[in-house]
K.L.:
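Structure provided below as structure tokens; questions to follow.
In what follows, every chain begins at residue 1, and chains take the letters A, B, ... in the order their sequences are listed.
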Amino acid sequence: MIGLSNLANRSPWTSGILHFSLSQYFQRGSTLVEKKPYSFLRMSIAEAVSKALFSECNSKVQPSQLELLLEEPRRREFGDLSFPLPRLRQYCGKGMDELWKVVKKALSEHPLIKDLIRVGSYSNIYVDMAKYSFLFFESLKELKEQYGKPFSSKKERIVVEYVSANPVHPLHIGSGRNAVIGDFIYRILKEAGNEVERRYYVDDVGLQVAYLAYGYIKLGKPQPPQGMKPDHYYGLIYAATATIVDILKLKRLQAEAKNSGESEKYAQLGDRIHRLLADLSRLKERIPDEVNRLMDEISKEPDPEASISKLMREYELGLKSSEPVREVAQKVIEGIRQTLAALGIEMDKWDWESDLIKEGLVDEVIKKAYSSPYFGEHKGLPALVFADLLKDEEIRAKLRIPTGLEVPPLILRRSDGSTLYTTRDIAYTLKKFREFKADKVINVIAVEQTLPQTQLRLALYALGYEKEAESLYHYSYEMVNLPGKSMSGRRGAYVTVDEVINMMTEVVMNFMEKRGEASRSLALKIARSAFKYMMLSASPSKMLVFDIERALDRKQLSGPYLQYTFARAKSVLRKAGGEVPWEQIDCSKADVGLRKELIWLLSQYPSVVQKVSEELQPEDLVAHLNKVSDIFNRWYDSEPIAKEAEVGTRALKLAITYGVSVVLENGMKILGMDVLPRI
RNA sequence: GGGCCCGUAGCCCAGCCAGGACAGGGCGCCGGCCUUCUAAGCCGGCGGUCCCGGGUUCAAAUCCCGGCGGGCCCGCCA
């Protein structure tokens with residue numbers, strides 16, 4: 001089969017394909033089926049013009065350059081595609097009139113072009129829909145549900161690390177965005193033919209888990225009450241512990257301020273304590289006994305923070321006294337795993353940071369760092385100093401470090417000898433590359449971690465892992481906010497994925513009940529798909545304001561819109577007997593209103609997915625599926641499909657409908673949405 | 001103070017990288033359409049200083065410079 005990637009050495013012009021009549025073209029059999037009809041069309045036009053510019057002006061402009069200039073007019077009256085003539089001037093110094101003649105001559109023989117009209121400075125191209133749709137239908141008929149499948153020419157081994165939320169509280173909607181985006185990346189890379197592995201990094205060695213474990217121990221290792229998920233319960237314990245420790249610390253500072261007569265500082269601290277107490281009383285409503293007991297127990301400690309650090313250090317050293325740390329983290333992770341399962345998201349590997357230390361990988365990295373030429377001191381502590389590396393523009397470019405970004409040294413160890421997250425992450429990155437023999441590692445991590453992720457690449461480079469440094473990608477996404485609220489895990493103020501999914505499921509259930517039948521498992525599939533749709537419809541680089549009211553508004557759930565449209569198309573096909581009578585298709589009926597629009601959009605789909613798989617921008621795929629659904633629904637309303645009397649037209653309509661179902665199914669699967677035959 | 005991201009209708013978002021024809025959707029609001037293939041749908045209407053100011057260009061929402069507004073980062077947290 002001919003893919004666009006083959007065009008470079010097998011041009012349709014030099015091979016003469018397009019000089020055949022279309023019937024001859026298809027008689028040559030399925031080996032000539034075009035995987036991406038739209039790209040094929042554009043490239044063939046660009047090649048023709050490129051050739052003409054060469055012979056008329058001796059211009060050596062590449063077809064791919066010209067292809068970029070080829071635009072779709074906003075209004076159909078102006079044609080299907082169009083060249084702005086002035087843009088061609090940079091390749092050929094002639095005047096517009098002459099350029100127009102060149103383009104006209106170049107394209108007048110093109111078998112897929114029906115007409116060419118100059119309007120002002122545009123040369124408007126009208127595609128011969130009968131022939132072009134034939135090309136599209138041949139492709140669809142041959143590829144069936146494989147139509148639009150992206151392909152990676154490299155077939156790489158890729159690790160995608162995502163979610164990786166710390167095991168101290170349930171997944172909140174920010175982690176939800178991470179989970180959904182990461183899963184999309186996994187799915188599309190896999191679909192494109194790569195070997196992909198999903199990994200979750202459990203950071204059980206950090207300070208946060210130590211806080212949770214500290215509270216957990218103080219309470220005598222309590223179990224969650226009936227009906228409460230462990231991540232939710234221990235999330236409250238974590239927040240209560242952290243808040244109480246903070247309150248006690250501020251109270252001590254306040255007492256000091258009072259003694260030294262700093263009245264302004266005293267008042268300021270008072271305000272902060274007041275706010276923390278408000279947070280605490282909110283937590284108290286949920287777990288009153290636990291909060292009271294924690295307050296009593298922690299107040300007895302002379303220096304709770306020191307005890308927490310000690311616990312963390314003991315855990316890193318693998319001492320028995322710290323066993324409850326792993327124990328409680330494990331329980332939280334089980335809750336998180338349940339949430340992911342409800343979303344239909346699975347991981348291949350759960351990597352415990354403490355195991356990484358046991359395996360000696362962290363020691364290995366630190367040893368290597370000490371002998372690195374970039375080893376130095378920062379704030380009196382062992383560090384990797386990047387100043388020299390950063391001066392080298394070539395290295396900056398290779399490691400994708402923005403110009404002007406200053407990167408402070410990376411401290412390797414705390415003064416108590418314990419390691420820091422980013423140090424351990426160096427080891428973890430190597431583990432990901434080694435274990436999976438990965439060509440590429442993609443970390444899906446929030447944008448606020450841009451700096452440590454940059455330090456990570458520099459550190460790898462500094463330690464001599466240059467290839468790994470260059471093959472490590474930080475896929476960043478913006479935070480999710482609630483209107484008017486600020487979120488804080490440390491204070492237990494967050495909206496969880498569980499509650500959002502539950503609420504959405506309820507809304508869907510209510511809707512279903514009003515219609516008669518209701519099924520909880522179906523409702524969940526609709527709700528979670530709506531959730532994913534929402535998370536993927538906005539560019540990851542944009543902050544997402546998660547308005548629960550809006551999310552629960554049925555009309556706003558555009559996930560169901562896609563699911564509904566798919567079910568509708570399936571239903572039509574079912575009623576029509578299932579099989580598309582390919583041989584009966586009358587392509588001369590394709591150039592009509594919305595039918596043409598649909599064929600046009602469907603023919604573009606493989607090109608869209610291909611680009612999405614390369615640039616990993618889910619919102620482009622969402623937008624395209626939306627457009628397909630929109631036009632299909634309008635078309636569905638405007639004329640009968642299965643009930644069409646004329647045989648050739650009916651076959652055409654069924655083929656279009658089949659195309660819609662294939663494209664929506666393929667696209668929704670990539671987005672991780674549930675594809676439902678009925679809704 | 002420095003760096004990065006965002007700014008397009010009452011609200012949410014696409015278009016910006018690769019500049020082109022009267023700037024596209026969705027929500028909301030107003031009014032219509034189920035004896036016909038799934039009405040979770042469709043049709044019509046209302047709604048815009050593309051944050052502001054310069055510059056480049058035949059042509060700027062898009063590129064450049066300077067502002068303004070919002071967010072994030074600059075920790076012996078992650």
Side-chain angles (χ1 to χ4, degrees), chain A residues 64-65 67-69 71 73-75 77-78 82-87 89 96 119-122 124 164-166 168 203 206-208 309 378-381 383 402-408 411-422 424-425 445-452 454 476 478-479 481 483 489-490 508 511-512 515 526 534 537-539 541-545 547 550 553-565 567-576 615 619-620 622-623 626-627 629-630 632-644 653 657 678-679:
Chain A
S64 57
Q65 284 296 306
E67 195 262 346
L68 290 173
L69 301 184
E71 63 178 64
R74 269 197 274 271
R75 312 177 68 181
E77 310 92 273
F78 290 138
S82 182
F83 267 120
L85 292 170
R87 293 293 296 276
R89 270 194 202 151
M96 291 233 286
V119 179
S121 52
Y122 295 88
N124 294 334
S164 297
N166 286 344
V168 291
D203 175 19
L207 217 37
Q208 290 189 18
S309 294
H378 186 62
K379 299 187 184 178
L381 291 163
T403 29
L405 180 66
E406 286 174 43
V407 184
I411 293 174
L412 297 162
R413 281 183 192 279
R414 295 190 182 91
S415 49
D416 68 3
S418 60
T419 53
L420 287 148
Y421 175 82
T422 309
R424 299 190 297 263
D425 209 6
I445 299 178
V447 65
E448 62 258 29
Q449 291 205 46
T450 301
L451 194 59
T454 307
S476 80
E478 271 288 352
M479 56 203 295
N481 272 334
R490 199 173 169 84
V508 176
F511 180 77
M512 289 172 119
R515 286 203 328 189
I526 293 168
M534 193 161 22
S537 59
S539 164
S541 69
K542 294 219 186 190
M543 233 174 73
L544 193 69
V545 177
D547 187 333
R550 190 182 283 270
D553 180 348
R554 200 180 68 242
K555 298 217 158 158
Q556 183 68 30
L557 303 178
S558 288
Y561 184 66
L562 300 188
Q563 289 173 316
Y564 172 76
T565 307
R568 197 180 223 189
K570 274 290 185 196
S571 172
V572 172
L573 292 169
R574 214 163 33 232
K575 294 254 159 75
E615 299 178 1
E619 70 275 18
D620 291 352
V622 170
N626 253 344
K627 239 184 273 174
S629 301
D630 182 26
F632 176 73
N633 283 318
R634 279 159 64 186
W635 179 57
Y636 173 92
D637 242 56
S638 68
E639 55 180 355
I641 300 170
K643 292 180 179 174
E644 166 68 45
K653 288 179 172 182
T657 306
R678 290 169 206 272
I679 178 171

K.L.:
Could you state the interatomic distance from CG (N633(A)) to OH (Y564(A)), rounded to the nearest 0.5 Å?
P.N.:
6.5 Å
K.L.:
Syn or anti for rC52(B), please, going by whether the chi angle lies within 90° of 0.
P.N.:
anti
K.L.:
If rG69(B) has a Watson-Crick or G-U wobble mate with both distances under 3.5 Å, name it; if not, just say none.
P.N.:
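Base partner found: rC6(B).
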K.L.:
From the list rC76(B), rA78(B), rA40(B), which nucleotide is the closest neighbour of the side chain of R424(A)?
P.N.:
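Selected nucleotide: rA78(B).
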K.L.:
Is the distance from OP1 or OP2 of rG25(B) to the nearest side-chain N or O of R634(A) less than 4.0 Å?
P.N.:
no
K.L.:
Give, for atom CE of M512(A) and atom CD1 of I526(A), the distance between the pair rounded to the nearest 0.5 Å.
P.N.:
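The CD1 atom of I526(A) is 4.5 Å from CE of M512(A), to the nearest 0.5 Å.
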K.L.:
Take atom CD in E406(A); do more than 12 heavy atoms of anything else shown fall under 6.0 Å from it?
P.N.:
no
K.L.:
Can you check the distance between rC33(B) and rC52(B), where both ends of the measurement are the C1' atom (answer in whole Å)?
P.N.:
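After rounding to an integer number of Å, I get 46 Å for this pair.
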K.L.:
With a 3.5 Å cut-off and just heavy-atom distances, do the side chain of N124(A) and the base of rA21(B) make a donor-acceptor pair?
P.N.:
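Checked by distance alone, the answer is yes.
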K.L.:
OP1, OP2 of rC37(B) versus side-chain N and O of K570(A): anything below 4.0 Å?
P.N.:
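False: K570(A) side-chain N/O out of range (4.0 Å or more) of rC37(B) OP1/OP2.
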K.L.:
Expressed as a whole number of angstroms, how long is the span from F83(A):CZ to rG19(B):P?
P.N.:
14 Å
K.L.:
Which of the following nucleotides, rU38(B), rA40(B), rC37(B), is nearest to the side chain of P640(A)?
P.N.:
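For the P640(A) side chain, the nearest candidate turns out to be rC37(B).
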K.L.:
Side-chain N or O of K379(A) versus OP1/OP2 of rC76(B): is the shortest distance under 4.0 Å?
P.N.:
yes
K.L.:
OP1, OP2 of rC37(B) versus side-chain N and O of K653(A): anything below 4.0 Å?
P.N.:
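It does not, given that no N or O in the side chain of K653(A) lies less than 4.0 Å from OP1 or OP2 of rC37(B).
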K.L.:
Which nucleotide wins on minimum distance to the side chain of R515(A), given the candidates rG2(B), rC37(B), rA40(B)?
P.N.:
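For the R515(A) side chain, the nearest candidate turns out to be rA40(B).
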K.L.:
Find the distance L412(A):CG to rG75(B):P and express it as a whole number of Å.
P.N.:
16 Å
K.L.:
Let's see if you can work this out: which of rG24(B), rU38(B), rA14(B) has an atom nearest to the side-chain heavy atoms of R74(A)?
P.N.:
rG24(B)
K.L.:
Report the C-alpha distance between L412(A) and T419(A) in whole Å, list the side-chain angles of each, state the deciding distance to 0.1 Å, and finish with yes or no for side chain to side chain contact (heavy atoms under 4.5 Å, CB included).
P.N.:
CA-CA 6 Å; L412(A) 297 162; T419(A) 53; over 6 Å; no
K.L.:
Picking from rA21(B), rC42(B), rA78(B), which would you name as closest to the side chain of D637(A)?
P.N.:
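Output: rC42(B).
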K.L.:
Partner of rC42(B) by Watson-Crick or G-U wobble geometry, both contacts under 3.5 Å, or none?
P.N.:
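Answer to the pairing question: rG32(B), which forms a Watson-Crick or G-U pair with rC42(B).
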K.L.:
Could you tell me how far rG31(B) sits from rC68(B) if I compare only their P atoms? Round to whole Å.
P.N.:
46 Å
K.L.:
Which heavy-atom pair separates E478(A) from S541(A) by the least distance, and what is that distance?
P.N.:
CG-O, 3.2 Å
K.L.:
For Y561(A) and rC42(B), is the shortest distance between a side-chain N/O and OP1 or OP2 below 4.0 Å?
P.N.:
yes
K.L.:
Can you tell me how far P in rC17(B) sits from the matching atom in rG28(B), rounded to whole Å?
P.N.:
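The answer is 33 Å between these two P atoms.
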K.L.:
Tell me which nucleotide among rA14(B), rC77(B), rU38(B) gets nearest to the side chain of K542(A).
P.N.:
rA14(B)
K.L.:
If we take the C1' atom in both rG70(B) and rG54(B), what is their distance in whole Å?
P.N.:
24 Å
K.L.:
In whole Å, what separates the C1' atom of rG19(B) from that of rC37(B)?
P.N.:
45 Å
K.L.:
With centres under 5.5 Å and planes under 30° as the test, does F78(A) stack with rA21(B)?
P.N.:
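Answer is yes, a stack.
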K.L.:
Measure from the side chain of V572(A), starting at C-beta and using heavy atoms only, and say which of rC37(B), rA40(B), rA21(B) lies closest.
P.N.:
rC37(B)
K.L.:
Could you tell me the separation between the CZ atom of R89(A) and the P atom of rA59(B), rounded to a whole number of Å?
P.N.:
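Atom CZ in R89(A) sits about 11 Å away from atom P in rA59(B).
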K.L.:
Below the 4.0 Å mark, does rA39(B) have OP1 or OP2 next to a side-chain nitrogen or oxygen of Y564(A)?
P.N.:
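For Y564(A), the contact criterion (side-chain N or O under 4.0 Å from OP1 or OP2 of rA39(B)) is met.
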K.L.:
May I ask you to establish whether R568(A) and F632(A) are in a cation-pi arrangement, using a distance under 6.0 Å from NZ or CZ to the six-membered ring centre and at most 45° from the ring axis?
P.N.:
no
K.L.:
Of E615(A) and L544(A), whose nearest nucleotide on RNA chain B comes first from the 5' end?
P.N.:
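Result of the comparison: L544(A).
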K.L.:
Thinking salt bridges, do E619(A) and K542(A) make one under a 4.0 Å N-O criterion?
P.N.:
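Result for this pair is no, no salt bridge flagged.
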K.L.:
Does R87(A) put a side-chain nitrogen or oxygen below 4.0 Å from OP1 or OP2 of rG19(B)?
P.N.:
yes
K.L.:
Is there, by distance only and without an angle test, a donor paired with an acceptor across the side chain of S537(A) and the base of rA14(B) below 3.5 Å?
P.N.:
no
K.L.:
Looking only at atom C1', what distance separates rU49(B) and rG45(B), rounded to whole Å?
P.N.:
24 Å
K.L.:
Considering only heavy atoms and no angle criterion, is a donor-acceptor pair shorter than 3.5 Å present between the side chain of S541(A) and the base of rC5(B)?
P.N.:
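It does not, because no donor-acceptor pair links the side chain of S541(A) to the base of rC5(B) below 3.5 Å.
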K.L.:
Just compare rA78(B), rC37(B), rA40(B) and give me whichever is closest to any side-chain atom of D203(A).
P.N.:
rA78(B)
K.L.:
What's the closest nucleotide to the side chain of A642(A) if the choices are rA21(B), rC76(B), rC37(B)?
P.N.:
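Looking only at heavy atoms from C-beta outward on A642(A), the closest nucleotide is rC37(B).
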K.L.:
Rounded to the Å, how far apart are R568(A) CZ and rA39(B) C1'?
P.N.:
7 Å
K.L.:
Quick one: I411(A) CD1 to rC74(B) P, roughly how many Å, whole number?
P.N.:
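In whole Å, rC74(B) P and I411(A) CD1 are 13 Å from each other.
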K.L.:
Taking only N and O in the side chain of K627(A), is any of them less than 4.0 Å away from OP1 or OP2 of rG24(B)?
P.N.:
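No, outside the criterion.
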K.L.:
Provide the distance between the two C1' atoms, one in rC77(B) and one in rG10(B), to the nearest whole Å.
P.N.:
41 Å
K.L.:
Counting C-beta onward and ignoring hydrogens, is there a side-chain heavy-atom pair between Y636(A) and T565(A) closer than 4.5 Å?
P.N.:
no
K.L.:
What is the distance, rounded to the nearest whole Å, between atom CE of M543(A) and atom P of rC5(B)?
P.N.:
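For the pair M543(A) CE and rC5(B) P, the rounded distance is 16 Å.
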K.L.:
Can you tell me how far the CG atom of L381(A) sits from the CG atom of L420(A), to the nearest 0.5 Å?
P.N.:
8.5 Å
K.L.:
How many Å lie between CD on E619(A) and C1' on rC6(B), as a whole number?
P.N.:
14 Å
K.L.:
Measure the distance from CG on L562(A) to P on rG25(B) and round it to the nearest whole Å.
P.N.:
18 Å
K.L.:
To the side chain of Y636(A), which of rC37(B), rA21(B), rA78(B) is closest?
P.N.:
rC37(B)
K.L.:
In terms of the nearest nucleotide of RNA chain B, which residue is placed more toward the 5' end: T450(A) or S638(A)?
P.N.:
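Upstream on the strand: T450(A).
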K.L.:
Expressed in whole Å, how much space separates the P atoms belonging to rC11(B) and rC29(B)?
P.N.:
16 Å
